[in-house]
Number of protein chains: 4
Amino acid sequence: MRADARRNRERILEAAEEVFAVAGPDASTEEVARRAGVAIGTVFRHFPTKADLLRALMKRLLQQVTDDAAELVASGDPAGALFEFVARLVERTAANRAVVNLLAAEGMEVPITGPLGSLSDAVGELLARGQESGAVAARIRLDEVMALLVSACQGALHGGWDADLRRRTLGIMLVGLRPSP
Amino acid sequence: MRADARRNRERILEAAEEVFAVAGPDASTEEVARRAGVAIGTVFRHFPTKADLLRALMKRLLQQVTDDAAELVASGDPAGALFEFVARLVERTAANRAVVNLLAAEGMEVPITGPLGSLSDAVGELLARGQESGAVAARIRLDEVMALLVSACQGALHGGWDADLRRRTLGIMLVGLRPSP
Amino acid sequence: MRADARRNRERILEAAEEVFAVAGPDASTEEVARRAGVAIGTVFRHFPTKADLLRALMKRLLQQVTDDAAELVASGDPAGALFEFVARLVERTAANRAVVNLLAAEGMEVPITGPLGSLSDAVGELLARGQESGAVAARIRLDEVMALLVSACQGALHGGWDADLRRRTLGIMLVGLRPSP
Amino acid sequence: MRADARRNRERILEAAEEVFAVAGPDASTEEVARRAGVAIGTVFRHFPTKADLLRALMKRLLQQVTDDAAELVASGDPAGALFEFVARLVERTAANRAVVNLLAAEGMEVPITGPLGSLSDAVGELLARGQESGAVAARIRLDEVMALLVSACQGALHGGWDADLRRRTLGIMLVGLRPSP
DNA sequence: TATGAATGAGCCTTCATTCAT
DNA sequence: CATGAATGAAGGCTCATTCAT
């Protein structure tokens, strides 16, 4: 792929991220092209289908989020890592509607590369470390954490809450993860 | 308004509830008309805009939910009422996509009638009673409860979770509302 | 269906016949709408798909042609009927590209009503009568007549032949149908 | 023109022949490029327009067909040559949609080189020899033969007829060329 | 008032053609 | 010269909304 093509591909993805972030996946591809400063044909050359574009977007986000998790796994703070991860994800969602879709995506099937094979693996790792360190109750299961993640992120999308309210609410939601004293 | 007109209005709302419940707000107005057994023109005569129809729907749901809350307020179980309310709302959402929008609606501006002036008032009342009874921590604020409600309901919309996972996750999310022992 | 709707449907079909007659089936639906003096949505309301429109057109033509055949069957000139029919069809094709497609259509599946159940039946009847009367050789089979029909009509579509050349050529092509003296 | 350029031109024409043979003239130029193993720009450098490419293709085919005729002229079987030629052309058409267009081409204007100046000349020669040998009726004119050719080839394009039906139908169509006994 | 046909903007996608690399 | 990315005009189709019946 030529340099300018790669550059355009990147610009399209960035434009798409912005557009879908505010308008959701129903935003028009034309709008993406406009924002990217390319013709509509160019978008479809890079992503033959609107679904392909969305998929590529998901993949990017998924990679970022999973890398984030991997980093926290390696951070040497097993007790706080899971909580920190959730907090980051929620904040990220508040700024990008697309994030939440990737959590809820069913057949998205976008394999990611790196130390952890998937987002679930990554969160599972964070969960395990948290439990080993005693910061997370042993009774908590991975599916519950994932569901909680989705809920928290979905919530962050709506209501125009400020960062403070988001933080307080999340704090409450996470109490249940800790071991009962 | 003539009797048959009012009857049509009601049928349209019911059809809309069913349609939007399963297909979300992107379902076509034509589908609503079809399900209601009226012509498309009739729908637009009653609700000049699709947004108006959705708004009316929200109002109905809001009324139902608020009435539900009012009933719980009067039920004489101050300790459990808030928790019960949240649980009901989440289950209702899982069966009706529209519910969640009503929680997140921004400028919805749909005044409701009855003992409690708004959903916030109703939840506020449940919160106050819960705190008085000692079942809910005094530090919890209303905006946090509302945000938690939105998050839980949004979550219930996605992922195809079964009722069991929904219940477990909700249980974890609500731990933080209780007083620390 | 309302009167104006039926009128529009008819106008669309007529416009479509004209448009597809000169430009073939690749002509745009928009052009049809323009020629019919209606908006594009109206065309799609009557014929949900371009294929549906073409199919309706085929059906109309098929009906006309089959009726034509039925009339000739009843005309009391068994010896000449088949030849007359072929000649008429070829002339019709020369003025309407669509005709030929209807002969070549594979899964078109447009049942027609009337004395003869299908075009093949109609031609078969003409063939049988011709053979009984001795004007057509007994060795000729229906599939050969149909194929000959397609060839003659296809030919009539091209080359800008004048009516005279068409007539002469057809005359030559039909000699083979007659019994060898 | 450089050697590699000429080589590319040839590869494009061959690819085009294959592609248009099966998909007709609506096949995409990109597909031709792909099949030829060159970039799309190369196709347009050699043939500034899709129509130019088709025209060049026609010319090639025309040359082949005319050469075929010339060969038959020289074959020493004046009685059978015209019939053989028609049969070959029909079979060629059944395997190559493009052939028929070259017969029907209006302002194609593609002068061909070789013993016979044009396809018409070639067929005229076959006709003349056939008539001299007594195998073809004297009353037959060249334009009739050409028209018959077009019809037979057009027919061969459609209906999914098998080789047997094609042969039988052609047999019938050609009877009229022979002298009446 | 109800009906449902008509409207037309807008969406996704394709493809001949141009042009920077 | 070749490459292949970019362009942008259509095309088929959908759907909220309007309006004649």
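In what follows, every chain begins at residue 1, and chains take the letters A, B, ... in the order their sequences are listed.
- Within residues 4-11 of chain C, the residues that place at least one heavy atom under 4.0 Å from DNA chain E are, in residue-number order, C/D4, C/A5, C/N8.
- In terms of the salt bridge (Lys or Arg N to Asp or Glu O under 4.0 Å) criterion, residue partners of D/E10 (sequence neighbours excluded) are, by chain and number, D/R60.
- Here A/L57 contributes atom CG and A/I12 contributes atom CD1; the two are 11.5 Å apart, rounded to the nearest 0.5 Å.
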List the atom pairs, donor and acceptor, that lie under 3.5 Å between side-chain atoms in residues 25-44 of chain C and the rest of the protein, sequence neighbours left out.
| residue | atom | partner | partner atom | Å |
| --- | --- | --- | --- | --- |
| C/S28 | OG | C/E30 | N | 3.4 |
| C/S28 | OG | C/E31 | N | 3.0 |
| C/E31 | OE1 | C/R34 | NH2 | 3.0 |
| C/R35 | NH1 | C/E18 | OE1 | 2.8 |

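- For D/R11, the side-chain contact (heavy atoms from CB on, under 4.5 Å) partners at least two apart in sequence or on another chain are D/N8.
- Listed by first residue number, the stems of DNA chain F with at least three Watson-Crick or G-U pairs below 3.5 Å are E:2-21 with F:2-21.
- Here A/F20 contributes atom CZ and A/L54 contributes atom CG; the two are 4.5 Å apart, rounded to the nearest 0.5 Å.
- Of the candidate nucleotides F/dT3, F/dT21, F/dG8, F/dT3 has the atom nearest to the side chain of D/A39.
- Taking the nucleotide of DNA chain F with the nearest heavy atom to each of A/V38 and C/R2, the more 5' of the two is matched to A/V38.
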So which protein nitrogen or oxygen atoms get under 3.5 Å of nucleotides 9-13 of chain F's nitrogens or oxygens?
| residue | atom | partner | partner atom | Å |
| --- | --- | --- | --- | --- |
| F/dG12 | OP1 | C/K50 | NZ | 2.7 |
| F/dG12 | OP2 | C/T29 | N | 3.0 |
| F/dG12 | OP2 | C/T29 | OG1 | 3.4 |
| F/dC13 | OP2 | C/K50 | N | 2.8 |

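- Every side chain to side chain donor-acceptor pair (under 3.5 Å) that A/D52 has, sequence neighbours left out, goes to A/R55.
- Rounded to an integer number of Å, the gap from A/D52 CG to E/dT14 P is 11 Å.
- In terms of the side chain to side chain donor-acceptor pair (under 3.5 Å) criterion, residue partners of D/Q64 (sequence neighbours excluded) are, by chain and number, D/R92.
- A heavy-atom distance below 4.5 Å is not found between the side chains of C/V150 and D/Q154.
- Computed from coordinates, the D/L53 CG to E/dA16 C1' distance equals 12 Å when rounded to whole Å.
- Distances shorter than 4.0 Å separate some side-chain N or O of A/H46 from OP1 or OP2 on F/dA6.
- One distance of note links CZ of D/R9 with CZ of D/R45; it measures 13.5 Å at 0.5 Å rounding.
- One distance of note links NZ of D/K59 with CG of D/L62; it measures 9.5 Å at 0.5 Å rounding.
- Note on B/R45: a side-chain N or O is less than 4.0 Å away from OP1 or OP2 of E/dT1.
- When all heavy atoms of B/A56 and B/L13 are compared, the closest pair comes out as CB-CD2, 3.9 Å.
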